[in-house]
*Asks:* 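Quick one: structure below, then a few questions.
It should be emphasised that the depicted structure is a prediction, and the values quoted were computed from it without experimental measurement. Index from 1, following the sequence. Just so you know, these numbers use all the heavy atoms, side chains as well, and skip hydrogens, waters and symmetry mates.
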Amino acid sequence: MSTAYPPADKATQQLLTKIATADKAIDEALLCFGSAKEKAEPEKEVKALRARIDAARRLSGAAAAKALTPLLKEAEALGPKIFKASTDLFAKRRREELFGQVNGALAGALLDIGKISDPALAKLMFAEQAAMRARMDKAEKMKKDIEAVSEMDDLDDEIPALQKRLKSALAVSAWLGSGFKSMLALAESSIASVPNARCRDVLRAELDFSAQAKNGALAKLDVKAIEAATQPALRRVQKVASRLSADGSALDRELMRVGKLVKDAGAPAELAARLKKLAQEKAGGWPQVREFENFEKALDAFEKSLAELAAAAQKAQATASH
């Protein structure tokens with residue numbers, strides 16, 4: 001601007017002081033743009049306004065004040081207008097950036113979920129991804145860029161946590177497909193060898209409880225936590241199933257041995273009655289148990305009764321021989 005202006009009266013000087021303040025705010029607003037190209041249009045508007053201000057300053061007295069008064073209003077409004085234009089442009093660019101960034105991350109998360117073999121775990125992680133996907137869909141439909149950016153920024157901040165959980169989920173999935181699967185197969189194989197169908201049903205129901213315990217621990221996404229929730233029960237099912245299978249034939253042989261002892265002792269009525277009861281119990285769908293917790297108690301009790309009968313028969317035989 002030319003400095004060859006006529007002397008300014010008090011009113012004009014006051015206007016010029018306010019215009020200088022507004023002009024400084026305009027310069028600060030222009031700095032908010034990232035490149036010269038972005039602020040090219042606002043700078044044209046600023047240049048035109050400053051030219052009009054310069055022309056008004058060349059007037060004298062009341063004419064200068066009259067011309068500068070509306071220009072002051074324009075200058076005071078232009079700074080905020082330029083600042084808003086810069087923030088709107090930033091929001092638009094940021095929205096475009098986050099659109100690709102968040103959508104790409106969510107698509108990648110979905111691919112990772114597809115690698116999870118356990119249905120319950122896959123469902124758990126898909127629910128997390130789907131909730132974020134729904135929020136992103138809502139953000140994409142927002143009319144105002146700044147509001148969309150606020151929501152997308154929140155999602156972008158949450159993506160690393162989702163990716164971390166997915167990494168843990170994939171580790172859990174790998175263990176479920178190896179460690180848990182092999183233990184489950186071993187338990188199922190042991191159950192299949194149990195001759196009594198009712199006992200097999202009770203044992204398989206216990207496996208269902210183990211699966212429920214596994215699903216309940218999945219949210220922790222920790223292999224050790226899932227191991228702690230499932231392995232003890234699986235081992236016990238396998239142990240009981242193996243014992244039912246092995247003890248069944250072993251006890252048949254023991255019944256025959258004890259029967260011979262009772263016979264050799266002269267088949268006392270009391271011992272013969274006890275032997276008959278045990279033989280009938282063994283033949284009648286033994287053990288008569290409908291709850292998993294009672295299997296080992298029934299096994300122990302039968303073995304104890306049989307051992308006591310064997311001891312009693314041997315004692316009776318020894319007494320008879322004297």
Side-chain angles (χ1 to χ4, degrees), residues 1-108 132-163:
M1 296 182 183
S2 172
T3 56
Y5 304 121
D9 59 21
K10 184 177 180 180
T12 300
Q13 190 59 51
Q14 289 175 341
L15 287 169
L16 290 173
T17 299
K18 292 180 180 180
I19 287 173
T21 301
D23 197 57
K24 183 178 179 182
I26 289 171
D27 284 334
E28 291 174 351
L30 286 170
L31 293 174
C32 295
F33 287 98
S35 67
K37 183 179 180 181
E38 291 174 352
K39 62 183 177 182
E41 285 302 317
E43 281 183 331
K44 288 180 182 178
E45 191 173 356
V46 172
K47 185 177 180 181
L49 176 60
R50 285 173 175 170
R52 290 160 60 201
I53 291 172
D54 185 69
R57 290 187 66 182
R58 295 179 183 281
L59 300 175
S60 301
K66 183 177 179 181
L68 288 170
T69 298
L71 294 176
L72 169 62
K73 291 182 179 179
E74 287 188 42
E76 289 177 333
L78 187 56
K81 178 184 175 182
I82 292 173
F83 179 75
K84 183 178 183 303
S86 70
T87 55
D88 287 348
L89 180 61
F90 171 80
K92 182 176 182 296
R93 299 277 174 82
R94 181 61 176 159
R95 183 174 190 169
E96 292 169 353
E97 178 186 5
L98 287 169
F99 176 86
Q101 198 166 298
V102 175
N103 277 323
L106 290 175
M132 295 181 72
R133 175 71 267 171
R135 288 168 57 195
M136 185 61 179
D137 290 342
K138 184 178 179 181
E140 289 174 13
K141 294 175 183 177
M142 291 178 177
K143 293 183 178 180
K144 294 182 179 181
D145 289 332
I146 194 67
E147 292 178 359
V149 165
S150 177
E151 180 62 20
M152 290 181 185
D153 261 327
D154 288 344
L155 284 165
D156 191 49
D157 289 342
E158 294 169 27
I159 288 293
L162 175 64
Q163 292 171 334

*Asks:* Taking all non-hydrogen atoms of both residues into account, name the closest pair between Ala29 and Gly79 and its distance.
*Replies:* CB-O, 3.5 Å

*Asks:* Quick test of your reading of the model: are Lys73 and Glu76 salt-bridged, counting only N-O distances below 4.0 Å?
*Replies:* no

*Asks:* Are Ile159 and Leu106 close enough that some pair of their side-chain heavy atoms sits under 4.5 Å apart?
*Replies:* yes

*Asks:* Taking Ile146's backbone N and O only, do any of them form a donor-acceptor pair with Ser150's side chain (distance below 3.5 Å, no angle check)?
*Replies:* no

*Asks:* Considering non-hydrogen atoms only, spot the tightest contact between Gln163 and Ala105 and give its length.
*Replies:* NE2-CB, 4.2 Å

*Asks:* Might you point out which heavy atoms bring Ala8 and Gln13 nearest each other, and give the distance in Å?
*Replies:* CB-OE1, 3.9 Å

*Asks:* Does the side chain of Glu151 reach to within under 4.5 Å of the side chain of Lys138, using non-hydrogen atoms?
*Replies:* no

*Asks:* Just to verify, which of Asp156, Asp153, Asp88, Asp145 counts as forming a salt bridge (charged side-chain N to carboxylate O under 4.0 Å, His left out) with Arg95?
*Replies:* Asp145

*Asks:* Do Lys81 and Leu78 touch side chain to side chain, with heavy atoms closer than 4.5 Å?
*Replies:* yes

*Asks:* Nearest 0.5 Å please: distance from the NZ atom of Lys10 over to the CD atom of Gln14.
*Replies:* 6.0 Å

*Asks:* If you count every heavy atom of other residues, nucleotides or ligands that lies below 6.0 Å from Phe83 atom CZ, does the total exceed 12?
*Replies:* no

*Asks:* What distance do Ser86 atom OG and Lys39 atom NZ have between them, rounded to the nearest 0.5 Å?
*Replies:* 11.0 Å

*Asks:* Once rounded to the nearest 0.5 Å, what's the spacing between atom SG of Cys32 and atom CG of Leu89?
*Replies:* 11.0 Å

*Asks:* How long is the gap from CG on Leu49 to CG on Leu71, to the nearest 0.5 Å?
*Replies:* 6.0 Å

*Asks:* Identify the two heavy atoms, one from Ala67 and one from Leu59, that lie closest to each other, and give their separation to 0.1 Å.
*Replies:* CB-CD1, 3.8 Å

*Asks:* Which distance, rounded to the nearest 0.5 Å, do you find between the CG of Asp23 and the CD1 of Ile19?
*Replies:* 9.0 Å

*Asks:* If every non-hydrogen atom of Ala56 is compared with every non-hydrogen atom of Leu68, which pair is closest and at what distance?
*Replies:* CB-CD2, 3.5 Å

*Asks:* Taking all atoms of both residues into account, what is the closest heavy-atom pair of Thr12 and Ala64, and its distance?
*Replies:* OG1-CB, 4.0 Å

*Asks:* One thing to verify: whether Asp54 and Arg50 come together as a salt bridge, which I'm taking to mean a side-chain N less than 4.0 angstrom from a carboxylate O.
*Replies:* no

*Asks:* Using a strict threshold of under 4.0 Å (side-chain N to carboxylate O), is an ion pair present between Arg93 and Glu97?
*Replies:* no

*Asks:* Quick test of your reading of the model: are Asp137 and Arg133 salt-bridged, counting only N-O distances below 4.0 Å?
*Replies:* yes

*Asks:* Does the side chain to side chain contact (heavy atoms under 4.5 Å, CB included) test come out yes or no for Met136 and Glu140, once each step is laid out?
*Replies:* CA-CA 6 Å; Met136 185 61 179; Glu140 289 174 13; 3.6 Å; yes

*Asks:* About how many Å separate CE of Met132 and CG of Asp154, when rounded to the nearest 0.5 Å?
*Replies:* 10.0 Å

